[in-house]
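This report concerns only the one structure given below.
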Amino acid sequence: MDSIIKTVTEHKHLGNGSIILCHNGAKYTAQALETLITTLQDQGYEFVPISQLIYKDNYHLNHEGRQISD
């Protein structure tokens, strides 16, 4: 469980607009979820619906699949 939390909260690509995918079939995901959420909130992150993260107009995708505003 601790490795899940560390992997997500210390990931080099974690940043504003990140989408975190957790597999519901993984053995310890459910147990790690509460700590994962509170740890990210303590780091200043806010959880929002994915619809708030998707650009609808005037954007392109870069080579990493990131949405870049035109």
Side-chain angles (χ1 to χ4, degrees):
M1 183 173 86
D2 290 340
S3 66
I4 294 170
I5 296 162
K6 182 176 180 175
T7 298
V8 173
T9 60
E10 296 178 12
H11 197 280
K12 67 180 181 177
H13 291 296
L14 179 66
N16 292 332
S18 291
I19 298 171
I20 300 167
L21 173 63
C22 295
H23 298 281
N24 60 355
K27 190 172 184 178
Y28 298 107
T29 299
Q31 293 89 339
L33 198 54
E34 184 176 347
T35 301
L36 181 59
I37 290 169
T38 56
T39 301
L40 290 168
Q41 287 174 329
D42 290 346
Q43 291 179 357
Y45 291 104
E46 176 185 0
F47 289 82
V48 299
I50 197 165
S51 61
Q52 290 184 18
L53 299 177
I54 298 173
Y55 295 129
K56 295 181 179 28
D57 298 310
N58 303 316
Y59 77 94
H60 66 275
L61 296 176
N62 73 4
H63 69 280
E64 294 180 322
R66 295 181 186 268
Q67 297 179 107
I68 307 297
S69 180
D70 289 335

Does Leu36 share a hydrophobic cluster with Phe47, counting links as ILVMFWY side-chain heavy atoms below 4.5 Å and allowing steps through other members? yes
Main-chain N/O of Tyr59 paired to Ser69 side chain as donor or acceptor, under 3.5 Å: no
Shortest non-hydrogen contact between Lys56 and Ser51, atoms and distance: NZ-O, 3.6 Å
Is the backbone N or O of His13 less than 3.5 Å from a side-chain atom of His11, with the two atoms forming a donor-acceptor pair by type? yes
Contact summary for Leu61 and Gly65, nearest pair of heavy atoms: CD2-O, 3.7 Å
Side-chain heavy atoms of Leu40 within contact of Val8, under 4.5 Å: yes
All side-chain hydrogen bond (donor to acceptor under 3.5 Å, both in side chains) counterparts of Glu64, not counting sequence neighbours: Arg66
Please name the pair of heavy atoms, one in Leu14 and one in Thr9, separated by the smallest distance, quoted to 0.1 Å. CD2-O, 3.6 Å
Exceeds 12 heavy-atom contacts within 6.0 angstrom, atom CD of Gln43: yes
What is the distance from atom CD1 of Ile5 to atom CD of Gln31, rounded to the nearest 0.5 Å? 10.5 Å
Around atom CG of Asp42, are there more than 12 heavy atoms from other residues, nucleotides or ligands closer than 6.0 Å? yes
For Glu10, what residues pass the salt bridge (charged side-chain N to carboxylate O under 4.0 Å, His left out) criterion, not counting sequence neighbours? none
I'd like to know if the side chain of Thr38 and the backbone of Thr35 have a donor-acceptor N/O pair within less than 3.5 Å. yes
ILVMFWY cluster, Ile19 and Tyr45 together (side-chain gap under 4.5 Å): no
Answer yes if Ile20 and Ile37 sit in the same cluster of Ile, Leu, Val, Met, Phe, Trp and Tyr residues linked by side chain heavy atoms under 4.5 Å apart, and no otherwise. yes
Go through the structure and list residues passing side chain to side chain contact (heavy atoms under 4.5 Å, CB included) with Asp70, not counting sequence neighbours. Asn58, His60
